[in-house]
Each structure stands twice: as structure tokens, then as C-alpha cells.
Amino acid sequence: MSIADNLSSIKATLPDHVTLVAVSKTKPVADLKEAYDAGQRIFGENKIQEMTEKWEQLPKDIQWHMIGHVQTNKVKYMAPYVSLIHGVDSLKLLTEINRQAARYRKTINCLLQIHIAEEETKFGLSEEELNILLTSDEFKQMQNICIKGIMGMATFTEDEAQIKKEFTHLKTIFNHLSEQPQTTNFKPETLSMGMSGDYKIAVDCGSTMVRIGSSIFGSR
Ligand SMILES: *Cc1c(COP(=O)(O)O)cnc(C)c1O
């Protein structure tokens, strides 16, 4: 199956309210171009340098999503063009994103990453840490970022009940956020959960954005 075939068969299974991020990390520009020519406009990368090189070479109507863990000192390289940062997991990182966005007189959209998996290795905030961040004075004063929602990764397991439990937990947290009043820098509408192996479960649990790599581009 070609990249275009993979894209169309995945899209056919996604409800209209679910956005597809094509995760192109480690893949060559030619593969991204093939997906682009098939109509895909949102790509996800997890390394800033690689994403920037691809941004330079590909059409400018692509929306670039940073889905990986972000080091504070590298935010400046993607600030000019990044469209959504999925993995924001600290006030310190958010502060730097806000600072870099201000330099370009723009607003950078962010998702806060929540830790839902059993594995300790995965990044993310607890619900308590999330609430502390969102109620902090520092956050309230940030004018150049907008929190568009949350993101999470389930445990890497064959146990579907476990995955479902974790995604349901994330959806519950998202519902709590959605009930809070929106402000200029807080507009939760995106729940980013689901990858190649678990996106169907994620969609059933209320995902609005799936991040799919290997099912589109092949294994890495
Ligand atoms: C690599 C990656 C994906 C895509 O994984 P696949 O299993 O290839 O679909 C999704 N989300 C994050 C955060 C990733 O790092």
C-alpha cells in the first residue's frame, strides 16, 4: 500500500470531528511530499532540528505540530512557524514559549501533556499539577500562548482494557477543563490521544486529534 492509500483508508475510519496528524519523524522529505500531494496538511515531528529542515523544504501551507518532548533552549528555533506544541509539561517551558512567541508578536498554540500511563518513563503533568499551572498568576499573565487542550500517551501494552482506562481518564480531565470558562489564553477544544496501535480505542474514548505515524509511512 502506498502512503496515499494508507492515508485514505485511515481517514475513512475517522469521524469528521477528529483531526489527523501525520507523524513523519525520521521519514524523508519525499515521503512527506507524497502525503502532501494526497491532501495531508498537518504533520507531526518530535525533533526540532528535523522539523525545521523539513519546514524549510516543503510548502508553506503545512501546519507543523511538535509532538515530542521539548527542551527549553530549543523553543526559539520553531517559534517562527510551529502551529501546535503538544508536549508542554511545565510552567518553565510554557514561560519560554510565551517569551519566544512575544518576540515574533504572535500567539503559539499549546497542549498540556498529561501523564496517564503506568510507565514512569512517559512525560507529563498529573491532574493536580495541571490545575496548579492553570491557576497560577504566571500563567494568567501570559499573552502570547493559548492552551488549546491536552495530550496524553497510553501505556505501551496489548491490554486494551488498560488503554481504554487510561484514555477514559484523560477524557475525564478534558471534560473538567471544558467546563471552565474560556479566557484569551485558555480555550480547551483539543484532546490529542491515539497513535497507530491505539487510535481506534482513543476515538471511541473521545479523542479529537490522533497522531499516526507508522500506519501511514511504514515502520521506523
Ligand atoms: C511517534 C509518535 C507517535 C506516532 O506513533 P506511531 O505508533 O508510529 O503511530 C504519536 N505520538 C507521539 C508523541 C510520538 O512520539
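Position 1 is the first residue of the sequence; numbering continues from there. As the structure is a computational prediction, the values presented were derived from the model and not from experiment.
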Is there a side-chain contact between [X] and [Y] (heavy atoms, below 4.5 Å)?
| X | Y | answer |
| --- | --- | --- |
| N144 | Y104 | no |
| H115 | D89 | no |
| I216 | V23 | no |
| S90 | E129 | no |
| R211 | H86 | yes |
| I48 | M66 | yes |
| N109 | I85 | no |
| Q57 | K33 | no |

- Can you name the closest pair of heavy atoms from I163 and T157 and give their distance?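 Reported closest heavy-atom pair: CD1-O, 3.4 Å.
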Between [X] and [Y], a side-chain donor and acceptor under 3.5 Å:
| X | Y | answer |
| --- | --- | --- |
| T95 | N98 | no |
| S24 | E45 | yes |
| Y36 | D61 | yes |

Is there a donor-acceptor pair closer than 3.5 Å between any side-chain N or O of [X] and the backbone N or O of [Y]?
| X | Y | value |
| --- | --- | --- |
| Q40 | I42 | yes |
| S196 | S215 | yes |
| T19 | M209 | no |

Please tabulate, one pair per line, all N/O donor-acceptor pairs under 3.5 Å involving side-chain atoms of residues 69-76, not counting sequence neighbours.
{"unit_1": "Q71", "atom_1": "OE1", "unit_2": "K74", "atom_2": "NZ", "d": "3.2"}
{"unit_1": "K76", "atom_1": "NZ", "unit_2": "N73", "atom_2": "O", "d": "3.1"}

- side-chain contact (heavy atoms from CB on, under 4.5 Å) between H65 and S83: does it pass, once the steps are laid out? CA-CA 6 Å; H65 287 200; S83 115; 3.5 Å; yes
- Query: Which one of Y81, F43, Y77 satisfies the ring-ring contact (aromatic ring centres under 6.0 Å, His included) criterion with W55?
  - Reply: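 When Y81, F43, Y77 are each tested with W55, the ring-ring contact (aromatic ring centres under 6.0 Å, His included) holds only for Y81.
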- Quick one: side-chain hydrogen bond (donor to acceptor under 3.5 Å, both in side chains) partners of H169, sequence neighbours excluded?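 Counting only residues at least two positions away or on another chain, H169 forms no side-chain hydrogen bond (donor to acceptor under 3.5 Å, both in side chains).
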- Under the side-chain contact (heavy atoms from CB on, under 4.5 Å) rule, what do L84 and Q63 come out as? Steps first, then yes or no, please. CA-CA 8 Å; L84 182 65; Q63 295 169 40; over 6 Å; no
Cut-off 3.5 Å, no hydrogens considered: what does the side-chain donor-acceptor table look like for residues 147-154, sequence neighbours left out?
none

- N-O pairing of E50 and K54 below 4.0 Å: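 Looking at K54 together with E50, the answer is yes, because their closest N to O distance falls below 4.0 Å.
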- Given side-chain contact (heavy atoms from CB on, under 4.5 Å), test E166 with L170 step by step and report yes or no. CA-CA 6 Å; E166 293 172 3; L170 194 60; over 6 Å; no
- Item | F174 side, atom CZ; S192 side, atom OG - distance, nearest 0.5 Å |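 Result: 10.5 Å between the selected atoms.
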- Item | L112 CG to L134 CG distance, which is reported to the nearest 0.5 Å |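 If I round to the nearest 0.5 Å, the distance is 6.0 Å.
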- Start with the C-alpha distance between Y199 and L14, add both sets of side-chain angles, then the distance that settles side-chain contact (heavy atoms from CB on, under 4.5 Å), and finish with yes or no. CA-CA 9 Å; Y199 78 89; L14 294 177; 3.9 Å; yes
